[in-house]
Each structure stands twice: as structure tokens, then as C-alpha cells.
> 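Next up is a structure, given as C-alpha cells.
The model shown is predicted, which means the values in this text are computed figures rather than measured ones. Proteins come first, then strands; the chains are lettered A, B, ... in the order of their sequence lines, and each starts at number 1.
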Amino acid sequence: MSSEYDPKQIESKWQKVWEKDLYNAETESTKPKYYALIEFPYPSGDGLHVGHPRPYIGMDVIARKRRMEGFDVLYPIGWDAFGLPTENYAIKTGRAPREITIENTDTFRKQIKSLGISFDWSREINTTDPKYYKWTQWLFLKFLEHDLAYKAKIAINWCPKDKIGLANEEVVNGCCERCGTPVEKREKEQWMLAITKYADRLDKDLDTVDFPERVKTQQRNWIGRSEGAEIDFETTTKEKIKVFTTRPDTIFGATYMVLAPEHDLIQKLKSQISNWDEVGEYIKKAKSKTEIDRTGDKEKTGVELVGIKAINPATKEEIPVWIADYVLPHYGTGAIMAVPAHDQRDFEFAQKYNLLIKQVIAPIFVDKVNPTIEGAENTERNGVIVLVKHWSEEKYLLNYSPKFNWKCLFTGGIEEGENPLESAVREIQEETGYQNIKEARYIPLEHVDKFHAPHKGVNRIVTQKNVFIQLADGEKREISQEEMDLHHLSWLTKEEMRETITLQNHLFIFNFEMSGGSSIPGSGILINSGKFNDMDSGFAQKEISEFVGGKMVTRFKLRDWVFSRQRYWGEPIPVIHCEKCGIVPVPEKDLPVMLPEVKNYQPTDNGESPLATISDWVNVKCPKCGGEARRETDTMPNWAGSSWYFLRYTDPFNDNKFASKKSLDDWMPVDWYNGGMEHTTLHLLYSRFWNKFLFDIGLVPTSEPYKKRTSHGLILAEGGEKMSKSKGNVVNPDNIIERFGADTLRVYEMFMGPFEQAIAWSEDSLVGPRRFIEKVWKLKEKVIDSKEEFFGSPNLHKTIKKVTNDIELMNFNTAISNMMIFVNALEKQEKVFQDEYEALLKLLNPFAPHITEEIWHELGHVTLLGFESWPDFDENKLEDNEVTIGVQINGKLRATLVLDSNSGEEETRLKALALPELAKWLEGQTPKKVIVVLGKIVNIVV
RNA sequence: GCCGGAGUGGCGGAAUGGUAGACGCGCACGACUCAAAAUCGUGUCUCGCAAGGGGUGGAGGUUCGAGUCCUCUCUCCGGCACCA
């Protein structure tokens, strides 16, 4: 049976066999069902390069393993001809996607097949097919029926170059995702899907699914849940301004209000605003700004509404009302209460326009060495912390206290009848000897220090005022030896101070003063807040919000989904506009609403769908009253078809339903869905939304469509850049298959690095996997039949265990490296038992299906290896007879010890201690302690 | 700014708190060969002739023992971002 390894011949042979036998799921079988899904493999104008197939290979490994484990596997393929790359290409070429995809999908199909990917080709579906999109339209009408689809006038993003409207997700940094042109805003009537109604569940249900943390976080960021309060502020004109805030506890510090320039109230109050000229001008300017201008401007601007005041419902004080474009119209209520002391944006604005800054939360610092002890008595004090500046240099006085090993500022208590400034001056004069003070002023920051005073057995809670002192000159009084021992003084620069100060509260104060003040973040104890003083800020939120008549609400950043496109391609939205009856859904029997054949697919200049000009198609009779009516000319986005394709895959040929209940019950939810990170806030979110809605109306069996989601890393070009045709750094998989074979390419792509991580392609490294495969091939010459009962070596059992687990964790690289280790070991043997070899072939089959299938048949089998059962391992046979363990002295490795694997602890200890190599380290010392970890290590402590 | 993820040889990367650098690439030497390729063997973190020492971005800490856990810090990648 000796022959040259010829991948080309072997691979084409088996690919033909599989097309009949392996790829097609046996849907009628009684085997347990397993649904593996991969993100749409879309054919793009750029063609396929080696960066593409890696995720398919990864999922193919899983799918092939599942088959061997006895599952009936649904592993489908389909394409979205409305998909972005195709659409992009369509815009460039002016041809309909339908024309383009035929050639691209053919190439793509061929390339994927040549890799031995075991997709279920028989279920291939195409979302441009009216048989498919009929059901997309039908599902849209379900949304309409349940008031989750509605029409609204909104500002859409318009790309002036491509002349098409863009969805939010197609706008990157204010520019068109395809061509980079800055987008304009246009007001248009658009179909919307009310995804915000599901925001809460889309967020919360993430807890119930097995997605990678980064995917969950990204979705949560996007959904943007925030808990807060809605509070009404009354104006002097008796209007109400509703604000949303996540920090109702800071309301006593709300010293002004800001409305978005678009806020409705402004027009209403026009007559009472005495500086309307200025205000009107500002509003006009704000509206003309694009989204980038507005968010790009870091310098805040605004205008006060003179003549209007609001009343802070907590303090009952009158506060000014401003408009500023840093407040966004579409988030919250479009109005805010500004708390400059505790919000950085408000702080910047207040500084610029000289508005009042009032601290209402004192941050708390708990001493790290002597933290407060629960149960101990709390005693309250007032104190002062003092920062001292040099009389002529940019230097500050550092106080080193040897007693506590503190490097800090100066602290002191406030005595009876003293104000904090006086205390500060007194402390400095006493502790440093410096007498002449040029300036003493408050640092506008108050905080609370908490620590335990062990000698008194009490907790101290000290409310600290902070004071800045600049000396007038260096004149110094003699100070007592006692004081000199307590305080070692040194003058340091700003940077040195920052590096030297060891107390975090002192450092905080220093940085606060050095930055010229800033907003005070976080939580703490309420101050200047009337009856809520001394309360914990987090705890006070609800109470304060009730006190001012507000209510706690949850808000989301997520906005409703703009579902209209003014483009030719895409499923026509199946409704008819009738003058008498209004919006009438197309009756089910008339679905699908097909796209008319047209000559020109180009978008129009006026932003209307190209369909609007086709009067034959547009003018119809109203299905309800039979009168004159017009079709909706907007089409759906590419995401419509892709939001439910995984449901259709379970039953792709059903003409009566979007999918039968039985198929859905059998296959859903998807057990494992792998896709790129770029779909996290798009396809993944949309399809979860659709599925949840369909679950609510009883059409699908589970509320989450995907049990487990993973995401792959991209393969980058050899230089580490993204592969793209325009950069000319693409690698064509055909060439690699031609030179090395598909099995080598598959093994390499799985071996090159962790699956979830981006990794650079390296042509040189391909030879490793090729050598490995050739070694496996050559091993067959050593095979002997194992006549007597076969137990398998510990090596085999270890390899089976490792490979089995690693595949589940998508640690394909280490799975392969373990098989390499095993093969290297077999190679050194004179003969190889057939059973052991066959087990190896099974393990390798998901990675290198062609060669393993070929060898399997050369060994005399007639059945397909792909349907053999996955090998088991025996926990009891994992152990070698001998183990090598390390022997350490004080944690340093000094020797190794070979032991019988079932040696006990005592035996291990004695043998380790008796090692001659250790003599020179022990030098007659008696070990204090010997730690024995069986089978791992012995550590001798001397 | 906020939220995630990651920093280990010449390179890709391995290491349930237990012998750091598995496996692969590359490189060096050797065998086979007239020769080369292929293949096989040996070696390959670093300083040192050696005994030994040092070493997982940096500084501390916990532990008998830390790449792994904790605190601080630096750098890189990804996402969100005047989001109240």
C-alpha cells in the first residue's frame, strides 16, 4: 500500500462522494438534532480570499464532529444577494444584484466545495428569490398587524454621492460607509420597526445565552440601558420642563438648565424670550450643523434664554435656562438639569459662562491600612487639609510623617470658634514654622475621610475642608524638636508631588487643585442638600426623586429601526396607499409583491425609490375598496431577509408557511452560531429582535434564536494588514489548494493561532501542516492488525481527551498540536496498531477529511469515515506507568524525579528527599516543610 | 472619557496556581547524496567555560510556589462616545 500522497486526486474523489452522501441532513431520522450556523458567506465583488474560509472551516470541524457523535446535523448555506458587498458592487456597476450574484455565487460555491466544507447544499437558499422573500413580506405584515411597523417622518442620512439614503449603521463617523462622503440630513417619511419596544428584553436576555463577553458588552453598549429619574422643573412662565437624569441625588447642585436647540418649548416661549434674535440665530446655526460638526466640536457653546427662569424643585431657587447643542434632542427628554460640580460637560459649560458651581456630594476615602470596622462606634470630626505653595517657586510642600510612613499634605483639626481657614493657617505656622501667609483660600472641594483609630477603638469620620495656602516669604520660626520629628518637610515640583504622595485622598485634592478644578465624579455623602445631608448618594436617589415629584424610569440609547430604503433592490414593502382606506396591507394571496423588471436600477436624484417612476407597477386597485391606489415604493433593507434566514433553513421548500412548526421545534434554537464581530450590533441584534417578536406571537418555539455564539478573528495579509483587492495583498485559496491540498490549508488555518483572534497569514508556515499530513499518510505503512484485545496506549487516550475537549472550546490549534505530538510518537515506533491508527484518523477527520477518508478506505473499510462514531477515551487509561515530577527547593527547580504513577504521598516525599542532587542544596539543613502535589511537584522549604 | 480584550523566544503561539517557552515555522550542525532538494537525527530563551544566575510590558503584594490571583502603572487592539 505504499504510494505518493496526491491531494488533488484524493480530494476531488471524496468531494464527489460526499455531495451525495454526507452533506445532506437526514431530517427524518430519529437522531438528536444539532443546528450549526455560520454567518452568511456572501460572495463579494472582490471574490474569495484565504481570509474568508477560516470561520467555515472552524464550524465545519464542529459539524463533522457532531455527525460522528451521532447527531443529525443541520449545517446550511445560503446567500444574501441584497448583502452589503453585493449592493456596493451594484452601485458601482449600475447592475442589479440579481445579475451579479449568479457569477459570484458560482465561483464561491466552487471554492467552498473545494475546501471540503460540509454545508448542506440541498437547502441552499437565496434571499433574492421571490419564493423566499414572499415570507419576508408576510412577516413584515405581522409587524404591521401588531403595531411594530409604522411610518414616521424622520431625518435620514443621505449620501450625496451615491444618491441613496443610509441607515444609521451604514454611517461611520458621519460619513457614508461605502464611499466616505460626509452624509447630509434629509427629512423623509420612513417605515420604522419598533425595536425599542424590545430594548429591555434584548438587554436582559443576554444573561440567558452563551455569547462571548465582548459580544454581550457590545450589544449592551449599543442598547444603552440607563436607569434614572424623570423630573419636572417648573418655569417662571408656568411651563414644565421634563428632564431625564441618572443622578437625581445631585439635584440640589442643579444650578442651571439646558435645552437642546430643537426643544419644542423654545418656540412656545418665543414671545417671552427677550433676546430672541440671539436665540433664533443660535438655533438656526445648530440645525445646519451635521452630526459630525455637532459631536466633533469639543468647545461648548450656548445662549441663555433671557426672561425665563426655572425653579429647582429641590432648593426652590430660580435658576437660569440655556440652550446649547451639547444637549441632544433625541436622547432623554432633550433637556437636562445641569450639575456642574458633578458632571464634566456641565462643568466646562459653567466655567465658560460663569455659572454657579455647587458641590453636593462629598467623595469618601477609606484608609487602606486602617479601614473602618463594622460595628465599631463612629465618631464624627471636622478637619482641614492644607496644600502649601512656595513663596517664589512653582513648588509645593511635602509632609513626610515617619511615624505613619505617610507622604502627604498637612492635616489638622478645627478647634472651637475657628473657621477652617484660620485652622489651616494655625496648623501650618505650628507644624512648618513658616509664618507669613500671602494667600489662604478654600479649594472648592469637600470630602470625607473614614478610618479606624485603633488606640481608641472607634471609627473616625472626618468631614474635610481643603485649603490652599501660598507663603509670602521663607521666614521661619524655631519649632520644637517634637514637631520636627513628626514632620519632615521638602519642596517638590508638581510632577514630583504626584509621584510622591502616598495617600489617595491627598493626591486627589492635589490633582483637583492642579487641574484648576473639575467635576467631582462618583458617589459619596450628600452635602448642601437640605434634609438629605449625610445620606449616601446611591441610597438617596430614589428618595430625592420622590421628594421632587419625579419618577424612576429606564431609558435606552437604542432607537427605532429605519426599515425603508429608496432603492431598487430589496423586498418591496407590501402595502398599498389608498386615499379612502389609508394604508392597506397586501392580502396574503397576492404575495409576493415582485420587483418589476426595469432597465435602470440607479437611485434617483430626488431620493425617491426608482420604483416610483414605474407607473404600471405603482398604480393598483385598493384591495379593500377597489378604488384607485398606489403601491408603497420603498423597499426593505438587506437585513430583512437575513433577520430570519436561520428559521427558513429548517424548512426551505415550504410553500404554505414561512417554516413548519415541526421543523422549527426540531431544529430551533440554533445550537451554535459563529459570525464576525461586525455583525454584533447589526445582524445579531436584528435577528434576536425578529425572533423575539415571532416568539411572542407564537410562531417560533424559543425567545432567543441562538444558544451559543462565537466569533472568529480575521486572517490578515502577511504584513498584518487587512486583505483586500485594492491593496493587492490577497491570497487566493485556489492557489494554495493547488500547491498544498485542501487538507493542508484546512489544518493550517486551524493551527495558525487561536480561532477568535486576528492573525496574519504566513505562507512559510504552511509546510508544517503539510509535513504533518504526510507523516500521517506514511504511518499507514507501519500498521499491523492488533489481534489480541486492544486497550490503547495512555498516549492515545490523552490525545483523544485533549482533542475532544479542545474542539468544543474552539482551541483548534492545541487540538492539532496534540495530534502532532501523538503522530511524532507513533513515528518512532516500529509498528502501529491499526485500532490506534484508526482512532487517530477519526480525530483528524474533521480537520483533514479527505486524506483520512482515503486512508480509512485503503485500510479496507467500505463505510464513510465521516459517519463513524467519535472515539471515546477511558479516564483510567490516561496515566502512564511512570510520571516525571519536579523537585523544588524554596520554589526553585533543582531536580526531577521519575516515579511510579501510583506512588503515594509518603513515598514521593521520601524519594524526593533522598535525591543525591539535592544534597548540596540542603547542606545538612532540616527541611521545615515539604509540600507534595501528587503527580506534579515536590517543594522542599528550608 | 467610558466599556471590553491583549501584552510570553527571531516568528505564529503553548502552559486546571505546580518543571515557562509545548506544537509549528525559521535557524545551526550532522546523516543520506557526486551535488542539491526532500527526508531523518541533534541542538536552539538569555548571561556564563562551568557551577550557577536572570527571565512572561513595569512596580508592589498574596502564596511553600505566580505568565496565571490582588493593587497600582505603561503600551497596543476593538467597541461606544457631548447618551445627561
Side-chain angles (χ1 to χ4, degrees), chain A residues 212-222 224-226 228-229 243-248 250 254 258 260 294-300 324-328 330-339 342-346 348-349 368 504 521 555-559 677-678 680-681 713 747-748 751-754 756-772 774-775 778 811 813-824 827-828 884-897 920 927-942:
Chain A
E213 212 38 58
R214 56 178 176 157
V215 169
K216 289 190 184 183
T217 333
Q218 232 181 85
Q219 285 218 352
R220 288 204 180 100
N221 278 349
W222 190 258
R225 164 193 292 274
S226 58
V243 301
F244 173 69
T245 174
T246 53
R247 295 297 301 270
T250 62
V258 188
R294 190 153 164 176
T295 53
D297 282 353
K298 283 294 161 207
E299 178 77 18
K300 292 175 179 44
D325 64 6
Y326 81 89
V327 173
L328 305 175
H330 48 68
Y331 187 77
T333 59
I336 61 160
M337 63 176 210
V339 185
H342 301 287
D343 182 284
Q344 191 56 33
R345 292 153 308 178
D346 297 343
E348 282 164 24
F349 194 78
K368 275 186 180 159
Q504 63 174 122
R555 289 259 173 188
F556 298 94
K557 268 198 288 188
L558 188 71
R559 285 189 261 163
M677 284 303 284
E678 69 276 15
T680 304
T681 50
V747 171
Y748 172 63
F751 180 63
M752 62 197 299
E756 324 77 54
Q757 218 171 281
I759 195 159
W761 175 259
S762 159
E763 194 98 17
D764 295 338
S765 303
L766 268 159
V767 300
R770 172 63 190 248
R771 281 178 196 153
F772 166 62
E774 297 228 23
K775 280 183 195 175
K778 279 188 202 140
N811 293 338
N813 51 339
T814 50
I816 291 169
S817 94
N818 275 281
M819 287 188 277
M820 284 173 168
I821 294 169
F822 185 56
V823 167
N824 290 345
E827 234 194 350
K828 293 205 168 63
T884 309
I885 66 171
V887 180
Q888 298 179 328
I889 292 177
N890 292 338
K892 284 203 185 298
L893 185 75
R894 295 304 182 193
T896 55
L897 174 64
K920 72 173 168 195
K928 280 191 204 130
K929 199 171 172 188
V930 179
I931 289 134
V932 178
V933 182
L934 277 183
K936 292 272 163 87
I937 207 156
V938 176
N939 191 11
I940 301 165
V941 187
V942 296

> Determine the interplanar angle of the A/F349 and A/Y326 rings, folded into 0 to 90°, and report it as parallel if under 30°, tilted if 30 to 60°, perpendicular if over 60°.
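Rings of A/F349 and A/Y326: tilted, as their planes differ by 30° to 60°.
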> From the list B/rU19, B/rC80, B/rA14, which nucleotide is the closest neighbour of the side chain of A/I937?
B/rU19
> Which of these, A/T884, A/V887, A/I937, sits in a side chain to side chain contact (heavy atoms under 4.5 Å, CB included) with A/T896?
A/T884
> Using a 4.0 Å heavy-atom cut-off across all strands, classify A/S762 as base, sugar-phosphate, or nothing.
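If one applies the 4.0 Å heavy-atom cut-off, A/S762 turns out to touch nothing in the nucleic acid.
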> Pick one for B/rG12: is it syn, with its angle within 90° of 0, or anti?
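Anti, since the glycosidic angle lies more than 90° from 0.
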> What distance, rounded to whole Å, do you find between the two C1' atoms, one in B/rG41 and one in B/rU46?
26 Å
> Side-chain N or O of A/R771 versus OP1/OP2 of B/rG26: is the shortest distance under 4.0 Å?
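Answer yes for this pair, as a side-chain N or O of A/R771 is under 4.0 Å from OP1 or OP2.
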> Taking the minimum atom-to-atom distance to the side chain of A/D325, which one of B/rC82, B/rA84, B/rU19 wins?
B/rC82
> Give a yes/no answer on whether the side chain of A/N818 brings an N or O atom under 4.0 Å of OP1 or OP2 in B/rA14.
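No, A/N818 has no side-chain N/O under 4.0 Å of OP1/OP2 on B/rA14.
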> Ignoring hydrogens, what is the shortest heavy-atom contact between A/R247 and A/M337? Give both atom names and the distance.
O-CE, 3.7 Å
> Please report, rounded to the nearest Å, how far the C1' atom of B/rA84 is from the CD atom of A/E348.
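Whole-Å distance recorded here is 14 Å.
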> When we call it a touch if two heavy atoms are under 4.0 Å apart, what does A/V941 touch: a base, just sugar-phosphate, or nothing?
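Contact class for A/V941: sugar-phosphate only.
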> Classify the side chain of A/K775 and the base of B/rU39 as holding, or not holding, a donor-acceptor pair under 3.5 Å.
no
> Please state whether the phosphate of B/rA51, meaning OP1 or OP2, lies under 4.0 angstrom from any side-chain nitrogen or oxygen of A/R894.
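No, outside the criterion.
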> Contact class for A/D343 vs. all strands (heavy atom < 4.0 Å): base, sugar-phosphate, or nothing?
nothing
> Which nucleotide in the list B/rG4, B/rG13, B/rG24 gets nearest to the side chain of A/Q757?
B/rG13
> Pick base, sugar-phosphate or nothing for A/K216, based on heavy-atom distances below 4.0 Å to the nucleic acid.
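A/K216: no heavy atom of the nucleic acid under 4.0 Å.
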> Base, sugar-phosphate, or nothing for A/T333, non-hydrogen atoms under 4.0 angstrom?
nothing
> Using a cut-off of 4.0 Å on non-hydrogen atoms, how would the nucleic acid contact of A/Q344 be classed: base, sugar-phosphate, or nothing?
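Nothing, no nucleic acid heavy atom in range.
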> Would you say the base of B/rC64 and the side-chain of A/K929 have a donor-acceptor pair closer than 3.5 Å?
no
> Respond yes when some side-chain nitrogen or oxygen of A/Q218 is under 4.0 Å from OP1 or OP2 of B/rG5, and no when none is.
no
> Any idea which of B/rG12, B/rC25, B/rC82 is nearest the A/L328 side chain?
B/rC82
> Please state how far atom NZ in A/K936 lies from atom P in B/rG65, giving the value in whole angstrom units.
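Atom-to-atom, A/K936 to B/rG65, this comes out as 19 Å.
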> Measure from the side-chain heavy atoms of A/R214 and tell me the nearest of B/rG24, B/rC82, B/rG4.
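Minimum distance to the A/R214 side chain belongs to B/rG4.
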> Which value, in whole Å, describes the distance between the C1' atoms of nucleotides B/rG57 and B/rA51?
32 Å
> Considering only atom P, compute the distance from B/rG12 to B/rG26 and round it to an integer number of Å.
15 Å
> Taking only the P atom of each, what is the distance from B/rG10 to B/rG5 in whole angstrom?
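Those two atoms are separated by 29 Å.
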> Output the rounded distance in Å from OH (A/Y331) to P (B/rC80).
16 Å
> Heavy atoms only, 4.0 Å cut-off, all strands: where does A/I759 land among base, sugar-phosphate and nothing?
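Sugar-phosphate: the residue A/I759, judged by heavy atoms under 4.0 Å, touches backbone atoms but no base.
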> When rounded to the nearest Å, what value does the distance between P atoms of B/rG9 and B/rU68 take?
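The same atom, P, in both gives a distance of 15 Å.
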> For A/L766 and B/rG12, give me the distance from atom CG to atom P, rounded to whole Å.
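Rounded to the whole Å, the gap is 16 Å.
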> With a non-hydrogen cut-off below 4.0 angstrom, is A/N824 in contact with a base, only sugar-phosphate, or nothing?
sugar-phosphate
> Within this structure, what is the CD1-to-P distance between A/I931 and B/rA66, rounded to whole angstrom?
12 Å
> When the C1' atoms of B/rU75 and B/rC69 are compared, how many Å lie between them, rounded to an integer?
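B/rC69 and B/rU75 have their C1' atoms separated by 22 Å.
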> Assign each of A/I940 and A/A760 to its nearest nucleotide of RNA chain B by heavy atoms, then name whichever residue's nucleotide is nearer the 5' end.
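So the residue in question is A/A760.
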> Among B/rU19, B/rC82, B/rC80, which nucleotide has an atom closest to any side-chain atom of A/T884?
B/rU19
> Where the side chain of A/K828 is defined as all heavy atoms beyond and including C-beta, which of B/rA84, B/rG41, B/rG4 is the nearest nucleotide?
B/rG41
> Among B/rA20, B/rA15, B/rG79, which nucleotide sits nearest the side chain of A/Q888?
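So the side chain of A/Q888 is nearest to B/rA20.
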> Rounded to the nearest angstrom, tell me the gap between atom CG in A/L934 and atom P in B/rU16.
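Rounded to the whole Å, the gap is 19 Å.
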> For A/F772 and B/rG12, what is the distance between atoms CZ and C1' respectively, to the nearest whole Å?
17 Å
> As a test of reading the structure: which of B/rC25, B/rG79, B/rA84 is closest to the side chain of A/T246, going by heavy atoms?
B/rA84
> Could you work out the separation of B/rC45 and B/rC11 based on their C1' atoms and round it to a whole Å?
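Approximately 14 Å lies between the C1' atom of B/rC45 and that of B/rC11.
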> Is any N or O donor-acceptor pair between the side chain of A/N939 and the base of B/rC64 shorter than 3.5 Å?
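Yes.
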> To the nearest Å, how far apart are A/L893 CG and B/rG53 P?
11 Å
> What's A/N813 touching, base or sugar-phosphate or nothing? Going by heavy atoms closer than 4.0 Å.
sugar-phosphate
> Would you measure the distance from the C1' atom in B/rG65 across to the matching atom in B/rU16 and give it in whole Å?
16 Å
